[in-house]
Amino acid sequence: MTTRYDDTAKNVLGQELQPCSLNPVTGFYRNGCCETGPHDLGLHTVCAVMTAEFLAFSAATGNDLSTPRPEFAFRGLLPGDRWCLCAGRWKEALDAGVAPQVVLEATHEEMLAVVPLGVLKDHAVA
């Protein structure tokens with residue numbers, strides 16, 4: 001079950017924001033949703049499906065998401081996992097040609113301040 005930070009949060013399609021992942025549990029608030037708020041300086045708003053290429057890119061640019069961190073109850077991400085990424089990191093990956101696919105229904109509308117809806121749709125999970 002997901003406990004929402006903001007029950008009124010919308011996705012990029014203007015609908016109710018759907019959960020991104022509960023296994024692994026993702027989101028800035030670790031509630032499974034790509035919600036954002038005043039303390040989320042990284043803007044963890046895009047629900048992305050991890051790929052080996054993106055995980056390698058992220059590690060090479062300073063954010064290793066693959067290595068387990070048991071002290072934080074984090075098993076490390078695998079290709080196929082859904083994860084709430086920082087908007088800026090997804091945009092960096094887009095510019096580098098390794099952006100992972102996006103789950104539009106679970107991507108927060110704040111992501112539209114970083115990239116237009118058309119770009120997100122071009123990278124949407126089918």
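Only a predicted model underlies this, so the values are computations on that prediction, with no experimental measurement involved. Numbers here simply count residues along the sequence, with the first being 1.
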Is the closest side-chain heavy-atom distance between [X] and [Y] below 4.5 Å?
| X | Y | answer |
| --- | --- | --- |
| Cys86 | His44 | yes |
| Arg89 | Phe54 | yes |
| Val115 | Lys91 | yes |
| Leu112 | Leu120 | yes |
| Pro24 | Leu77 | yes |
| Met111 | Leu104 | no |
| Leu13 | Leu117 | yes |
| Asp81 | Arg75 | yes |

How long is the gap from [atom1] on [X] to [atom2] on [Y], to the nearest 0.5 Å?
| X | Y | atom1 | atom2 | answer |
| --- | --- | --- | --- | --- |
| Gln15 | Glu109 | CD | CD | 11.5 Å |
| Arg30 | Phe74 | CZ | CZ | 7.5 Å |
| Asn11 | Thr45 | CG | OG1 | 12.0 Å |
| His108 | Gln18 | NE2 | CD | 13.0 Å |

Which pair of heavy atoms, one from [X] and one from [Y], lies closest together, and at what distance?
| X | Y | result |
| --- | --- | --- |
| Val46 | Thr107 | CA-CG2, 3.7 Å |
| Phe28 | Glu35 | CB-O, 4.2 Å |
| Ala52 | Pro79 | N-CG, 3.8 Å |
| Ala126 | Gln101 | N-NE2, 4.4 Å |
| Cys34 | Cys20 | SG-CB, 3.7 Å |

With the 4.5 Å side-chain cut-off for hydrophobic clustering, are [X] and [Y] part of the same group?
| X | Y | result |
| --- | --- | --- |
| Val49 | Val98 | no |
| Val119 | Leu43 | yes |
| Trp90 | Phe57 | yes |
| Leu85 | Leu17 | no |
| Val102 | Leu65 | yes |

- Message: Determine whether a donor-acceptor pair (N or O, by modelled atom type, separation under 3.5 Å) exists between the side chain of Ser21 and the backbone of Trp83.
- Response: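 Side chain of Ser21 to backbone of Trp83: no pair is present.
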- Query: Other than Leu78, which residues form its hydrophobic cluster under the rule that side-chain heavy atoms must be closer than 4.5 Å?
  - Reply: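 ILVMFWY cluster around Leu78 holds nothing else.
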